[in-house]
Number of protein chains: 2
Amino acid sequence: MSDITIVDIAKQAGVSIKTVSRVINREEGVGPATRARVEDLIEKLGYRPNVSARSLSSRRSYLIGVVFMRVGAYHYVGEVQVGAMRACRRAGYHMVIEQVDDPGQARGPGLEQALKAGRFDGLVLTPPVCDDPEILAIIEAQGLSYVRVAPDRDFGRSPYVFMDDQQAAHDMTARLWDLGHRRIGFIDGPADHGSARRRREGYMTAMAERGQRVKPEWISPGDFMPLSGLEAGDRLLGLPEPPTAIFAANDSMAMGVLSAASKRGLSVPTDLSVVGFDDGPLAESSWPGLTTVHQPIAEMAEAATEMLIEGFGDPRFRSRTAARQLDYHIVERGSSTSR
Amino acid sequence: MSDITIVDIAKQAGVSIKTVSRVINREEGVGPATRARVEDLIEKLGYRPNVSARSLSSRRSYLIGVVFMRVGAYHYVGEVQVGAMRACRRAGYHMVIEQVDDPGQARGPGLEQALKAGRFDGLVLTPPVCDDPEILAIIEAQGLSYVRVAPDRDFGRSPYVFMDDQQAAHDMTARLWDLGHRRIGFIDGPADHGSARRRREGYMTAMAERGQRVKPEWISPGDFMPLSGLEAGDRLLGLPEPPTAIFAANDSMAMGVLSAASKRGLSVPTDLSVVGFDDGPLAESSWPGLTTVHQPIAEMAEAATEMLIEGFGDPRFRSRTAARQLDYHIVERGSSTSR
DNA sequence: AACGGCATAGACAACGTTGTCGTATCGTGG
DNA sequence: CCACGATACGACAACGTTGTCTATGCCGTT
């Protein structure tokens, strides 16, 4: 156990603890010689400041909470964590994760208590938690800083990071159109999920712009899980006039569509084009590879965490809202082709 | 922000702060009447102890670190987190995650610094981190408690939680045998991954027990990612005498095998049986559904975290090693059938 | 009535930092 | 060479808990 404290460093360096503190925190008012001597000693003895003492005194915890709810596979959450962790490590912060859907523990008392006890410096909220009014209210009541990733509404309420889901879905739909597809099916995400809604809207407007009426049965509900993609795909392919291309609102459901096609003996992309959204690990390993929209999830989380650490998200300045937009791109693989 | 402290409670209750502290920590030496009065006040004012002060004073951080490395998809890691979080919430702990493979940050300075600064009460280690001697050395040098999930060796080194991978793979292989399969292919996991090794051994011994020689080309390397399953499956199916069943060491690779089969126009399970290991989200949504071994990942992580909190894993008692075994079961779906 | 022992409670000093304020020391312009 | 403002540093009190030690009250025993 690291038993050496700031006092040990101060003694050995022949300075006061305050001077050591100044060196650690890169404050001014320390001569170059003294600074070097203290830094060497810190390095030599392997000293690390005690986080508890530091946060007790400074009222900062150096803890960032990442609040999420499991929707679909773990890929999204995993990428968020990777990105947030990168930003935390860089700034000397730690990352605590708070999940919001463990039965009975989640909302209300569970999260609230965790937040109160946690003393976070700030929170990164991901969809769909970032749009849950109840949860936002709890967080704001605690006076906590937060930055949202890909929120769906209340854009003035906090800083956020986003990518243009709607435009991406629009581009993807246009691409299918240009390949000659006219009957294009769409598999929707969960009803309360903002990204899912925007993707659907992108699809709708692209079709509308081209004067193509979207029959209601072309849009099939889903929940981002592969099974729902299988079922939805099955429904679409069972139509009297089945679509020649299916756009699933995420990759997992697109995988389900591939299964549905193979179940019916249809070959992709010859008989049916399939495209997804996310560019998760499945997209490149399926056969054929999945054409999909690459979403910079880790980068968005990283940017959000950075903003948080830089002090955006502070409740006192929340009106000074900031937004950062990141780019998507379409990754073409073998699952789509011209008609 | 919760600005009320133990002093406020003490004043209003007309007792000393120490008495309030005793109530909070459920210590003895407080009369029932006093206890009730203090508890009511705590409830009424919504008081929560300040974690920093508490840990500064008591030398416990109420923080559990979950150390992992991303291998394959996020499913394993996600399940681990869910389980560990359940145990943490129950005991009033928080969960900090530390990833070990972010390029350049990971091992060595990155992790070490994070551990030193983190002041964790204990660590939960998952494969393959739990078998990395370098990392174990760092952790032990810090004098930190830890419990391992599914370690591969050094069983006396710390408490651990495990399931019998070898027996499970053995059972699965026997099951394929009983269905009439003789040429059974196996797709291996990463070389340094203990679970992968044990699964392979289970497969080998089951075959050996039945007097079936395993040709070297029946075992194809993989890395737990779906793409490697596709490639390995392709290799196996391209053999002059291809296997009639393929056992992949995890579900992701089994998905790749399904793709490889559909690429060659083979139908599963008619032309080829495919089985996996993990029972992740893909297993039930592929078509056909994947026969696989259900692994209680979340439960193992939960048990490990519990043990940690209960004080196993303390370096002073590490020799008093404890192990908890959890059960697997085979989930039969449509991807395997008799020959 | 004096005593010992137990249950209950309080005083006070840690814990290891940061914040505030005060004080030497030094260079500089008049 | 003096006054003066920087610059560099230190003393000391927070921060909100827990741990240790001590004090009080009350009971049953002798």
Side-chain angles (χ1 to χ4, degrees), chain A residues 1-39 41-42 45-63 92-94 116-121, chain B residues 1-39 41-42 45-63 92-94 116-121 142-143:
Chain A
M1 194 68 91
S2 191
D3 277 315
I4 51 174
T5 74
I6 200 171
V7 179
D8 303 312
I9 303 290
K11 271 208 191 99
Q12 296 215 29
V15 298
S16 75
I17 57 170
K18 181 64 219 190
T19 298
V20 178
S21 172
R22 274 190 266 258
V23 171
I24 296 166
N25 297 293
R26 291 170 175 52
E27 288 170 30
E28 341 196 280
V30 182
T34 313
R35 185 179 294 272
R37 187 153 36 96
V38 171
E39 275 169 349
L41 226 35
I42 288 176
L45 301 185
Y47 163 74
R48 303 288 155 200
N50 179 311
V51 178
S52 304
R54 183 184 264 224
S55 50
L56 177 59
S57 187
S58 67
R59 283 129 176 281
R60 312 182 62 191
S61 66
Y62 298 90
L63 248 36
Y93 277 66
H94 287 262
K116 268 194 176 166
R119 306 277 151 139
F120 297 105
D121 281 354
Chain B
M1 198 66 93
S2 191
D3 277 316
I4 52 174
T5 75
I6 200 171
V7 179
D8 302 313
I9 303 290
K11 272 209 191 98
Q12 296 216 30
V15 298
S16 75
I17 57 171
K18 183 63 221 192
T19 297
V20 178
S21 172
R22 276 191 266 259
V23 171
I24 296 166
N25 296 292
R26 291 170 175 52
E27 289 170 27
E28 338 196 283
V30 182
T34 313
R35 186 178 294 272
R37 188 153 36 97
V38 171
E39 275 170 350
L41 227 34
I42 288 177
L45 301 185
Y47 163 74
R48 303 286 156 200
N50 178 312
V51 179
S52 304
R54 180 184 265 221
S55 51
L56 177 59
S57 187
S58 67
R59 285 133 175 283
R60 311 182 63 192
S61 65
Y62 299 89
L63 247 37
Y93 277 67
H94 287 263
K116 269 193 176 167
R119 305 279 151 136
F120 297 104
D121 281 355
Q142 306 280 330

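In the text below, chain A, chain B and the rest are named by the order of the sequence lines, each starting its count at 1.
- Evaluation of the side-chain contact (heavy atoms from CB on, under 4.5 Å) rule for T5(B) yields V7(B), D8(B) as partners, not counting sequence neighbours.
- Going from atom CG of N50(B) over to atom P of dC15(D) covers 12 Å, rounded to whole Å.
- Between L45(A) and Q12(A), some side-chain heavy-atom pair lies under the 4.5 Å cut-off.
- Backbone-only engagement by T34(B) is indicated by non-hydrogen atom pairs under 4.0 Å involving sugar-phosphate atoms exclusively.
- The shortest heavy-atom contact between L56(B) and A53(A) is CD1-CB, 3.7 Å.
- Under the side-chain hydrogen bond (donor to acceptor under 3.5 Å, both in side chains) criterion, R60(A) pairs with Y93(A), not counting sequence neighbours.
- Taking atom CD1 of I9(B) as the reference point, atom C1' of dT18(D) lies 17 Å away to the nearest angstrom.
- Between its opening and closing five pairs, the helix from dA1(C)-dT30(D) to dG30(C)-dC1(D) changes axis direction by 50°, a value rounded to 10 degrees.
- Qualifying side-chain contact (heavy atoms from CB on, under 4.5 Å) partners for I24(A), counting only residues two or more places apart in sequence or in other chains: I6(A), V20(A), I42(A), Y47(A), P49(A), R54(A).
- Rounded to a whole Å, the CZ atom of R48(A) is 16 Å from the C1' atom of dT17(C).
- The phosphate of dG16(C) (OP1 or OP2) has no side-chain N or O of R54(A) nearer than 4.0 angstrom.
- R22(A) is linked by a side-chain contact (heavy atoms from CB on, under 4.5 Å) to K18(A), T19(A), E27(A), V30(A), counting only residues two or more places apart in sequence or in another chain.
- The nucleotide whose nearest atom lies closest to any side-chain atom of V30(B) is, among dT18(C), dA9(C), dT17(D), dA9(C).
- Rounded to whole Å, atom P of dG16(D) lies 12 Å from atom CG of L56(B).
- Note: CZ (R60(A)) to P (dC15(D)) measures 19 Å, nearest angstrom.
- Taking each heavy atom of R35(A) and R26(A) in turn, the nearest pair found is NH1-CA, 4.2 Å.
- Atom CZ of R59(A) and atom C1' of dT17(D) are 13 Å apart (whole Å).
- Residue E28(A) contributes atom CD, which lies 13 Å from atom P of dC9(D) at whole-angstrom precision.
- Annotation: side-chain contact (heavy atoms from CB on, under 4.5 Å) contacts of A13(B) (sequence neighbours excluded): V15(B), R37(B), V38(B), L41(B).
- Each of S55(A), S58(A), S61(A), S52(A) was scored for a side chain to side chain donor-acceptor pair (under 3.5 Å) with S52(B), with one residue passing: S55(A).
- Listed pair Y62(B) / dT18(D) fails the phosphate criterion, with no side-chain N or O lying under 4.0 Å from OP1 or OP2.
- At whole-Å resolution of the value, CD1 in I4(B) and P in dC15(D) are 16 Å apart.
- Mapping A53(B) and G29(B) onto DNA chain C by nearest heavy atom places G29(B) closer to the 5' end of the strand.
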Protein-nucleotides 10-14 of chain D N/O pairs under 3.5 Å:
{"unit_1": "dG10(D)", "atom_1": "OP1", "unit_2": "S16(A)", "atom_2": "N", "d": "3.2"}
{"unit_1": "dG10(D)", "atom_1": "OP2", "unit_2": "S16(A)", "atom_2": "N", "d": "2.7"}
{"unit_1": "dG10(D)", "atom_1": "OP2", "unit_2": "S16(A)", "atom_2": "OG", "d": "2.9"}
{"unit_1": "dG10(D)", "atom_1": "OP2", "unit_2": "T19(A)", "atom_2": "OG1", "d": "2.5"}
{"unit_1": "dG10(D)", "atom_1": "N7", "unit_2": "R22(A)", "atom_2": "NH2", "d": "2.8"}
{"unit_1": "dG10(D)", "atom_1": "O6", "unit_2": "R22(A)", "atom_2": "NH2", "d": "3.4"}

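- Closest approach to the N25(B) side chain among dT18(D), dT17(C), dA9(C) is made by dT18(D) (side chain taken as heavy atoms from C-beta onward).
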